Structure formats: C-alpha cells, structure tokens
Amino acid sequence: MAEPEVMQKIVSLAKRRGFVFQSSEIYGGLRSAYDYGPLGVELKRNIVAEWWRAMVYEREDIVGLDAAIIMHPKVWEASGHLAGFSDPLVDCRNCKERFRADKAPKVAAGTEVSYQEGGKKGGKTLKGVAERGYVCPNCGGGDLSDERRFNLMFRSSIGPVDTIEEIAKYVETHRDLEGGALREALDGVIRQSAVYLRPETAQAMFVQFLNVQESLGMKVPFGIAQTGRSFRNEITVEHFVFRSCEFDQMEMEFFCEPGSQAEWLKYWCEQRLAWYQRFANHPERLRLRQHHPDELAHYADDCYDVEYEYPWGWDELEGIASRTDYDLNKHAEHSGKKLSYFDPQKPNPETGKPGLRYVPYVIEPAAGATRTLLMLLLDAYHEEAVPDAKGEDATRVVLKLHPRLAPYKAAVLPLVKKDGLPEIGHDIVKKFLQAGLFVSYDEQHAIGRRYRRHDEAGTPYCLTVDGQTKQDQTVTIRYRDDMRQERIPIERAVDVVREKLQRGDR
RNA sequence: GCGGGACUAACUCAGUGGUAGAGUGCAACCUUGCCAAGGUUGAAGUCGCGGGUUCAACCCCCGUGUCCCGCUCCA
C-alpha cells in the first residue's frame with residue numbers, strides 16, 4: 001500500500017492504539033509537536049536500544065556520550081548555527097555556503113562574475129551576475145538566495161534574572177537608539193545570558209572529543225555515539241512526525257585518519273543500510289543515495305543518505321556525511337584548544353621518525369529516531385483479507401514490527417474469564433515481567449478480538465491459557481504474522497519467547 | 001512563507017438555519033467460548049477555538065488553531 005491514505009491510517013492507528021498523540025491536544029494542539037503514548041514510548045526506546053546495541057555494545061571501537069542539551073553558546077558560534085540570529089544570512093545556491101550578507105565581498109551590482117561549479121577546484125566554470133552588490137565569500141558566485149534572518153535554534157536564557165528586565169533597563173538608558181542600531185544593541189543584551197537548545201547532538205561529540213579519547217585511551221579510528229533530543233525551528237513541518245521541531249537523534253561521529261575517509265564512508269553506508277533492512281519487512285524500500293556534488297555542504301567531501309520510499313516518495317532517513325576535519329578545526333579555532341590526535345606508531349612522513357600528529361577526519365552517520373519510528377510503522381502496516389468466524393470477508397490490520405522492536409513482547413490471554421484461567425494467566429505475566437520482558441495481560445472480550453487487537457499493536461506472540469492448560473501445564477503460542485499456533489509448556493514460555501526475540505522469529 | 005482542502009463521540013463518517021446521528025470501539029452482565037461471535041444494558045460530543053449576522057448558527061460571515069495536499073524552503 002503506497003497511497004497517501006496509508007498515512008491517515010497510520011495517524012489514526014497511532015492514536016487509537018496509544019503510539020502517538022498530537023501534543024497538547026485538548027488545547028487545540030501545538031504545531032508539529034507530538035507525544036509518544038504507552039506503546040509509542042516502548043517502540044521508540046526499543047529502536048534507540050537496538051541502535052545503541054549495534055553501534056556501541058556489539059563493537060569495541062565506539063563509546064557513548066550523553067551530553068547536556070544546553071551547551072556553551074560558543075559551541076554554536078563555532079559550528080555556524082548561531083550566525084543567523086542577528087544577521088541577515090544568504091545561502092549560496094552554487095556551493096551551499098551560508099554567509100552574512102554584510103561580511104560578503106563587495107562588488108558593484110551588475111558586475112559579471114565567474115566561479116567554479118560547486119565551489120570546488122576543477123569544477124566547471126560558471127558565469128553569473130552579482131545582482132545584489134556582493135558575491136559568495138566561498139566560491140565567488142552570484143547565484144544567491146534572499147537575505148533572511150534564520151532562527152533555526154530555540155533561544156532561551158540562563159540565570160535567575162529575566163532578560164526582559166535587562167532589556168527594559170537598556171532601552172530606558174538609551175532612548176536615542178532606534179532601528180538597526182537598537183536591534184543590534186538589544187541583541188547584545190540578550191546574548192549576555194542567551195543559551196540555545198541544541199539543534200543536533202553532534203557538536204557535543206566534537207567538543208568532548210579529547211576528553212573521550214584520553215579518558216578511555218581510544219585509538220583512532222574510533223567513534224563516539226550519542227542519542228537524544230534536538231530542537232529546530234523548521235521552516236516547514238510536514239508528514240506527521242517526519243519533520244518536527246523537537247525530535248530524537250541517534251548520531252555517531254567516527255574519527256579516522258585523513259585519507260581513509262572514503263573507505264570508512266563506504267563501510268558505514270553498508271552498515272547503516274543493513275541495520276534498517278534487518279528490521280524491515282520491505283528492504284527494497286530502503287536505499288542509499290549519494291549526494292550530487294552541488295548538494296554537498298562545503299565542509300563535506302562526500303555524503304550519502306539512507307532513504308526510504310515513503311508514501312510521498314523517496315526521502316531521507318539518515319545522512320552519512322564525510323565531514324573532513326572541519327568540525328574539529330572550527331572548535332580548535334574558537335576554543336584555542338588543540339583538537340588533534342597523536343599516533344606514536346605512525347611515522348611522520350616529513351621526518352621519517354615515528355610519531356604523527358593530525359586532526360582526524362570524521363564520518364557521521366546521523367539518524368532520526370522519530371523518523372525511524374515513522375518508517376517502521378509504515379513498513380509494518382499490513383491489511384490482509386481474512387475470512388472471519390462466519391466465513392465472511394474481513395480485513396485484518398496487523399503491524400508486522402520486528403519482535404525486538406514491538407512494544408509488547410507477548411500478550412497473555414485466558415480463553416475465558418473464569419475457571420481459574422485468569423489466575424494462571426497472571427502467574428505467567430509475572431514470570432515475564434520478572435524476566436524483564438514487557439507483556440500485556442488481556443481478558444476483555446472474545447479471544448478473536450484480543451488476537452486482532454494485539455495484531456494492531458504489533459504484539460508478535462500471544463499466549464493463550466485454555467482448559468487443557470490446567471491438565472498438562474501447556475499454553476498455545478499464536479504467531480502474529482501468520483496466525484499459526486503451537487502448544488508449549490508454561491515452564492518454558494519465557495525461554496521460548498526470549499529465544500525467538502533473540503533470533504527475530506516471526 | 002504562498003495557495004487549496006479538512007476539522008461533528010475514542011476511531012471512521014453522515015447530517016439539517018429550528019431538541020445532535022450511524023457503524024466500529026469502549027464499559028457491565030449473560031451464553032463453558034481459539035481468530036473483530038451472539039444477546040441485554042450503558043457511558044460518551046458546549047459539532048477545533050473566538051467573534052459576528054440572526055428570533056434562532058454544527059450549518060452563513062470574519063478571525064484564529066491544528067492537520068493534510070501542492071509549491072517554496074530546509075543541518
């Protein structure tokens with residue numbers, strides 16, 4: 001099913017079954033903010049846990065980090081995120097540089113200019129006209145966007161004194177100021193206590209590069225992984241949770257020796273694509289797409305997107321960028337700290353002696369956890385024509401989520417609500433919960449409805465307690481994807497489910 | 001940011017300028033019951049929000065919020 005209506009069905013199901021709710025719904029909702037309900041929070045946590053397992057626990061060369069959401073404002077000055085708050089910014093359509101219009105090289109309006117395609121040496125030479133009286137400081141091009149003030153980041157202030165007090169005081173003592181001068185002065189006042197919610201988790205990993213490397217004695221190549229909430233004032237929000245202002249990221253910065261980046265980029269592209277495909281019912285709806293040279297940010301020497309075929313078409317799921325030494329250099333420059341790595345084994349090509357100091361290059365697989373959640377819901381959503389008890393056509397809606405990602409690992413269902421069956425059921429539930437497996441006990445309505453309800457919730461296994469259970473201590477295990485049933489001893493139920501989860505059995 | 005559409009019960013939707021409807025779901029009980037079973041009963045909506053027109057507005061007008069679809073934009 002690829003029609004746009006599948007999105008409506010997902011949104012409806014997400015609400016009905018407690019996956020995703022509109023934020024602040026009773027107050028009319030808040031633009032592009034979503035809350036994850038009882039099942040949604042489980043799914044999201046499972047996604048992040050699987051990512052962490054693949055990136056950190058299953059290998060020796062990557063370690064974790066959990067940095068503060070609010071960082072020193074200079075972090076964002078160095079990264080370039082802060083520039084847009086007070087200054088009109090312009091995007092170069094040729095090399096993708098974003099720059100301050102007032103700091104750009106001036107040329108007389110109407111002058112003909114020539115520049116290299118993509119801002120890269122050896123690129124095709126293009127010609128254009130500097131219509132606005134300045135050109136791109138990076139490539140010299142004249143193909144520029146309008147001047148705009150971007151407020152990509154959410155700004156707040158730190159400290160007990162409300163910034164408005166400072167502003168009021170300033171205005172009262174500077175009544176002569178107006179227009180741009182006033183704006184600039186007030187911006188200066190605000191900035192004294194201004195802090196920003198991180199627009200990405202990545203920067204903390206660059207900023208803490210040395211601490212992580214030294215404290216754990218990490219040897220290049222190695223990576224730092226982090227998951228967490230990020231915030232962006234997106235110009236456009238769209239497609240349910242696909243692009244929202246507050247979202248969860250799963251990012252890893254992999255530091256490697258200059259010259260090896262192409263190889264590592266290839267490696268990470270393969271790893272990351274395979275990770276998604278491992279959990280997907282439709283691996284053919286996932287692909288890698290290399291960025292065109294004119295798409296690349298000027299600090300990247302290559303970049304791939306992991307894309308998914310959403311109902312609205314192929315779109316991004318994860319970006320895997322080769323960021324060169326740009327970030328470490330920027331932070332070294334702004335902080336005055338030397339952010340480099342010394343390899344005592346490596347011979348220095350200049351002296352021939354062992355010992356080489358260099359600034360590592362970085363490969364960055366940056367994934368969206370909330371985006372992954374949407375992709376998995378879309379991938380898992382199935383409608384099947386199944387005859388009902390009366391032999392009439394009925395539709396079965398089933399979320400074929402990978403068992404390890406499914407919110408409930410199993411549902412325990414007494415066939416009837418009497419004859420001691422509920423008691424047996426509760427005992428089984430207790431065993432699962434003690435084993436750390438999240439399961440649901442459900443005795444409402446007929447057994448068939450309960451199966452279908454859990455199909456919609458993506459519960460991979462249903463354990464049904466029936467009359468026979470009392471005689472031979474067995475229950476039936478019913479599989480979500482094909483509805484087949486088997487009998488297993490209660491004694492082994494936890495182990496059976498655990499083994500199936502381990503293997504990903506459906 | 002621009003244009004178009006939508007908003008009525010938890011979900012999917014009817015509806016008329018004059019007392020708010022259906023199906024599903026939900027809750028309770030009954031029927032010894034393995035794939036949305038049958039029966040009985042019940043709860044649930046100030047019709048997104050705020051103004052205006054009118055004797056009377058869910059319906060007409062204005063504003064606003066949210067979502068969707070295009071475009072635009074996009075670390």
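Heavy-atom basis, side chains included; hydrogens, waters and symmetry copies ignored. Just so we're on the same page: letters track the sequence lines, and every chain starts at 1. All of these numbers come straight from a predicted model, not from anything done at the bench.
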If the [atom1] atom of [N] is compared with that of [M], how far apart are they to the nearest Å?
{"N": "B/G18", "M": "B/C60", "atom1": "P", "result": "12 Å"}
{"N": "B/A9", "M": "B/U46", "atom1": "P", "result": "9 Å"}
{"N": "B/U16", "M": "B/C69", "atom1": "C1'", "result": "29 Å"}
{"N": "B/G15", "M": "B/U72", "atom1": "P", "result": "36 Å"}
{"N": "B/C2", "M": "B/A44", "atom1": "P", "result": "43 Å"}
{"N": "B/G50", "M": "B/U12", "atom1": "P", "result": "23 Å"}
{"N": "B/A22", "M": "B/C55", "atom1": "C1'", "result": "32 Å"}
{"N": "B/A57", "M": "B/G52", "atom1": "C1'", "result": "11 Å"}

Could you tell me which non-hydrogen atom of A/L463 sits nearest to which non-hydrogen atom of A/A493, and how far apart they are?
CD1-CB, 4.4 Å
Which part of the nucleic acid, if any, lies within reach of [X] when heavy atoms closer than 4.0 Å are counted: base, sugar-phosphate only, or nothing?
{"X": "A/Y479", "answer": "nothing"}
{"X": "A/Y27", "answer": "nothing"}
{"X": "A/D455", "answer": "nothing"}
{"X": "A/Q203", "answer": "base"}
{"X": "A/S79", "answer": "nothing"}
{"X": "A/E456", "answer": "base"}

Using atom [atom1] of [X] as one end and atom [atom2] of [N] as the other, report the distance to the nearest whole Å.
{"X": "A/L463", "N": "B/C35", "atom1": "CG", "atom2": "C1'", "result": "16 Å"}
{"X": "A/L415", "N": "B/A37", "atom1": "CG", "atom2": "P", "result": "14 Å"}
{"X": "A/Q22", "N": "B/G65", "atom1": "CD", "atom2": "P", "result": "14 Å"}
{"X": "A/K417", "N": "B/A28", "atom1": "NZ", "atom2": "C1'", "result": "8 Å"}
{"X": "A/K418", "N": "B/C29", "atom1": "NZ", "atom2": "P", "result": "12 Å"}
{"X": "A/I447", "N": "B/U32", "atom1": "CD1", "atom2": "P", "result": "17 Å"}
{"X": "A/L413", "N": "B/C35", "atom1": "CG", "atom2": "P", "result": "13 Å"}
{"X": "A/Q468", "N": "B/C34", "atom1": "CD", "atom2": "P", "result": "13 Å"}

Stems formed with participation of RNA chain B [Watson-Crick or G-U wobble, under 3.5 Å, three or more pairs]:
B:1-7 with B:65-71, B:10-13 with B:21-24, B:26-30 with B:38-42, B:48-52 with B:60-64
Nearest heavy atom decides the nucleotide; on that basis, is A/D419 or A/A33 closer to the 5' end of RNA chain B?
A/D419
If you find the nucleotide of RNA chain B closest to A/R243 and the one closest to A/R450, which residue's nucleotide is nearer the 5' end?
A/R450
A/K431/A/D427 ion pair, N-O < 4.0 Å:
no
So, do [X] and [Y] have ring centers that fall under 6.0 Å from each other?
{"X": "A/F21", "Y": "A/Y34", "result": "no"}
{"X": "A/F19", "Y": "A/Y36", "result": "no"}
{"X": "A/W314", "Y": "A/Y308", "result": "no"}
{"X": "A/W312", "Y": "A/F242", "result": "yes"}

According to salt bridge (Lys or Arg N to Asp or Glu O under 4.0 Å), who are the partners of [X], at least two apart in sequence or on a separate chain?
{"X": "A/E307", "value": "A/R287, A/R289"}
{"X": "A/R478", "value": "A/D455"}
{"X": "A/R323", "value": "A/D327, A/E364"}
{"X": "A/E456", "value": "A/R16, A/R17"}

Can you label the angle between the A/W76 ring and the A/H81 ring as parallel, tilted or perpendicular, going by 30° and 60°?
perpendicular
Which word best sums up how the rings of A/H282 and A/H382 line up, parallel for under 30°, tilted for 30 to 60°, or perpendicular for over 60°?
parallel
Would you please name every residue forming a side chain to side chain contact (heavy atoms under 4.5 Å, CB included) with A/Q261, sequence neighbours left out?
A/C256, A/D301, A/S322, A/Y361, A/I363
For A/D419, give me all partners under side chain to side chain contact (heavy atoms under 4.5 Å, CB included), at least two apart in sequence or on another chain.
A/V416, A/L421, A/K470
Student check: side-chain heavy atoms of A/V306 and A/W275 closer than 4.5 Å
no
Are side-chain N/O atoms of A/E318 and A/Y276 paired as donor and acceptor at under 3.5 Å?
yes
Between the base of B/C35 and the side chain of A/R478, is there any donor-acceptor pair under 3.5 Å?
yes
Would you say A/H239 places a side-chain N or O within less than 4.0 Å of OP1 or OP2 belonging to B/C67?
no
Base, backbone or nothing for each nucleotide of nucleotides 39-50 of chain B, written B, S, -, heavy atoms under 4.0 angstrom, 5' to 3'?
------------
Would you indicate whether A/E77, at its atom CD, is surrounded by more than 12 heavy atoms from other residues, nucleotides or ligands within a distance under 6.0 Å?
yes
Would you jot down, in residue-number order, the residues of residues 316-323 of chain A having a non-hydrogen atom under 4.0 Å from RNA chain B?
A/R323
Using nucleotides 6-13 of chain B, report all nitrogen or oxygen pairs with the protein that are shorter than 3.5 Å.
residue : atom : partner : partner atom : Å
B/A10   : O3'  : A/K15   : NZ           : 3.3
B/C11   : OP1  : A/K15   : NZ           : 2.3
B/C11   : O3'  : A/S12   : OG           : 3.1
B/C11   : O2'  : A/S12   : OG           : 3.4

Results of side chain to side chain donor-acceptor pair (under 3.5 Å) for A/T464 - residues two or more places apart only
A/Y451
Give each protein N/O atom lying under 3.5 Å from an N/O atom of nucleotides 22-27 of chain B, with the pair distance.
residue : atom : partner : partner atom : Å
B/C26   : OP1  : A/R453  : NH1          : 2.5
B/C26   : OP2  : A/H445  : NE2          : 3.1
B/A27   : OP2  : A/H445  : NE2          : 3.1

Decide ring pair (Phe, Tyr, Trp, His ring centres under 6.0 Å) for A/Y441 and A/H426; before the verdict, give the C-alpha distance in whole Å, the side-chain angles of both, and the deciding distance to 0.1 Å.
CA-CA 7 Å; A/Y441 174 83; A/H426 281 299; 3.8 Å; yes
